[in-house]
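In what follows, a single structure is set out as structure tokens and then discussed.
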Amino acid sequence: MPAIHSQTAHELKDQMQKGAFKPSAIIEDLLARIKDIDGKTRSYTLVNGESSRSTAKGLDSSGSKGALSGVPVAIKDNICVKGEETTCASRILKGFKPPYDATVVKRLKEAGAILLGKTNMDEFAFGSSCETSCYNPTRNPWDTRRIPGGSSGGSAAAVAADETILALGSDTGGSIRQPASMCGVVGLKPTYGRVSRYGLIAFASSLDQIGPITKDVEDSALLLSVIAGHDEMDSTSVDLPVPDYKKALVKHVEGLKIGVPKEYFVKGIDPQVLRAIKKAIDLLHGLGAAVEEISLPHTEYALAAYYIVAPAEASSNLARFDGVQYGFRAGGAEDLIDMYIRTRSQGFGNEAKRRILLGTYVLSSGYYEAYYLKAQKVRTKIKEDFDNAFRDVDCIITPTSPTAAFKIGERLEDPLSMYLSDIYTIPVNLAGLPAISLPCGFTGDELPIGLQIIGKPFDEETLFRAAYTYEQNTDWHKKRPNIT
Ligand code: GLN
């Protein structure tokens, strides 16, 4: 039998049902794995040894029937867990222990999941590499000289390195899909409104979504069904029934219409990525899907619009971190204003400061119309591009990112090159759509490549169907990094 930590949640559930082992055995195995490996990947900011052991013991004897009973989950460090330090990988939140659970956390606990710990991220989710964390960069388990992607890099690396079974990430412009792609695992950004964000420390409220990072598509469906659904604590969560996603795990794409946007296959894309995506499209075509070229004409403006809207919202969301209510407060201040200045100067890292400055600028009087309002209009155009495309096709296939994982430090001094990493994921957030990233090959350097499938609003089922069919006809998801 393969090691416990190398299994998926659905495999572990089957084994537990057969009585092969109990939750405590799973937790002991995972904690040992983290002890062996985490010094190399540095995926976690906090590991809950004691509390996960005691939850597991309780489940051993109660034999709870929850959908995730006894299954370990790692939580990105911007999602509140009651009483556990939650920092968004920022110095300014050091010591902050939320007084409540995020709704997704509450649902996980109710389903019997065991929370293994908090995972590393770019500070406040600003980034694509996990390098802006106040702790340390997380390393890609496929090559520890490289970034794991970001901002949910800790969650993706932990899943890829078998340091957890499941993980949660958040995605504002690609932060679930891009690291999933770079670590060779499955990442899903649900439709805006599908999953409650109550208890997610906000980056850009009109874009943020929480979603699953898993080893395969079946686990993605399983985890989404636990966290999805209306929540009266988040007015942006939509009151629609949650479908039985398991039913969408069918292995056929006959009659499915796939669109391939011509604007996404232009210069800047690594030829190895291009080749892998083309092969994946051919495979789905061979299995009976219809493939047609589509146009998303406003694609080239997406990045510019995002880097106005997202920092604008971030600057407003981050205004509350001033040393009064949360986390860190700088010492030595002469008065209140001085305390604010010292706390924010010392508490935020460079990328956070850049975003606050940018966001404050585009919202300031005189510039609001020229930048923020204009960007919102571009956003509408981008949404209309997708609406038009979805009149003809059921889903859209693109690369997740133009390149595989880059080296640590390579893009840190050049924010624009870092921002380009999300060129294919950002339009999806601007339009509020669901999209999944799944492994579809490797570069010559043995680095994973990700395939993105974008769906219509609230049609995660089509994503699961296309992704599951692709996955079950390939072996990429079975490959694991050789890290010991
Ligand atoms: N990399 C993008 C950014 O830096 C997206 C991050 C995210 O989705 N949280 O804003």
Side-chain angles (χ1 to χ4, degrees), residues 76-79 88-90 119-133 137-138 147-156 167-183 187-190 192 195 197 200-213 302-318 348-359 362 375 379 400-403 405-406 410-412 414-437 450 452 454:
K76 186 176 179 179
D77 199 34
N78 59 353
I79 299 175
C88 290
S90 179
T119 54
N120 198 20
M121 56 186 281
D122 283 291
E123 183 178 11
F124 283 104
F126 303 151
S128 309
S129 67
C130 244
E131 292 167 293
T132 70
S133 161
T138 292
I147 58 100
S151 64
S152 316
S155 286
L168 287 185
S170 68
D171 191 315
T172 306
S175 276
I176 289 175
R177 292 159 286 157
Q178 187 260 20
S181 157
M182 294 193 166
C183 290
L188 172 77
K189 183 203 98 72
Y192 186 78
V195 175
R197 297 159 321 148
L200 168 71
I201 298 175
F203 163 0
S205 311
S206 75
L207 301 159
D208 300 338
Q209 263 295 288
I210 296 174
I213 298 181
L303 210 60
Y306 172 88
Y307 276 100
I308 290 174
V309 174
E313 294 183 14
S315 70
S316 148
N317 279 324
L318 265 52
F348 289 124
N350 285 344
E351 186 61 27
K353 285 178 184 156
R354 181 181 292 127
R355 306 261 176 144
I356 293 170
L357 288 172
L358 253 171
V362 300
R379 187 172 178 181
T400 304
S401 193
T403 67
F406 41 92
E410 198 178 296
R411 300 195 189 176
L412 206 51
D414 180 2
L416 205 58
S417 78
M418 187 74 89
Y419 295 173
L420 286 172
S421 186
D422 297 307
I423 195 150
Y424 301 133
T425 48
I426 276 174
V428 174
N429 299 72
L430 289 172
L433 302 171
I436 194 165
S437 175
Q452 176 174 239
I454 308 168

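Just so you know, ligand 1 is whichever comes first in the structure, and atom 1 is the first atom listed for that ligand. Count residues from 1 along the sequence.
For the residue pair K76/T119, the side-chain donor-acceptor check at 3.5 Å is not satisfied. Counting only N and O atoms by type, the side chains of D208 and S170 include no donor and acceptor under 3.5 Å apart. Side-chain atoms of D77 and N120 form no donor-acceptor pair, as typed in the model, at a separation below 3.5 Å. Side chains of S128 and S421: a donor-acceptor N/O pair is absent below 3.5 angstrom, by distance only.
The CD1 atom of I147 sits 5.0 Å away from atom CE of M182, with the distance rounded to the nearest 0.5 Å. For the atom pair CG of L303 and CG of D422, the computed distance is 7.5 Å after rounding to the nearest 0.5 Å. Rounding to the nearest 0.5 angstrom, the gap separating the NZ atom in K189 from the CD atom in Q452 is 10.0 Å.
Under a 4.0 Å criterion applied to the non-hydrogen atoms of G173, ligand 1 contributes the atoms 5 (C), 7 (C), 8 (O). For ligand 1, the atoms closer than 4.0 angstrom to any heavy atom of Y307 are 2 (C), 3 (C), 4 (O), 10 (O). Close approach of ligand 1 to S151 (heavy-atom distance below 4.0 Å) involves ligand atoms 9 (N). When each atom of ligand 1 is checked for a heavy atom of F203 under 4.0 Å away, the hits are 9 (N), 10 (O). The contact set between ligand 1 and Y306, taken as ligand atoms under 4.0 Å from a residue heavy atom, comprises 2 (C), 3 (C), 5 (C), 6 (C), 10 (O).
The proximity of D422 to ligand 1, defined as any non-hydrogen pair under 4.0 Å, is limited to the side chain.
Of all protein heavy atoms, the one closest to atom 4 (O) of ligand 1 is R355 NH2, 2.8 Å. Annotation: atom 6 (C) of ligand 1 to nearest protein heavy atom, S175 OG, 2.9 Å.
Here's the thing with G150: none of its N/O atoms is less than 3.5 angstrom from an N/O atom of ligand 1. Between A125 and ligand 1, at least one N/O pair is under 3.5 Å apart.
Remark: distances from the non-hydrogen atoms of A310 to ligand 1 are all 4.0 Å or more.
A side chain to side chain contact (heavy atoms under 4.5 Å, CB included) with F124 holds for exactly one of N78, T132, N317, I201; it is I201.
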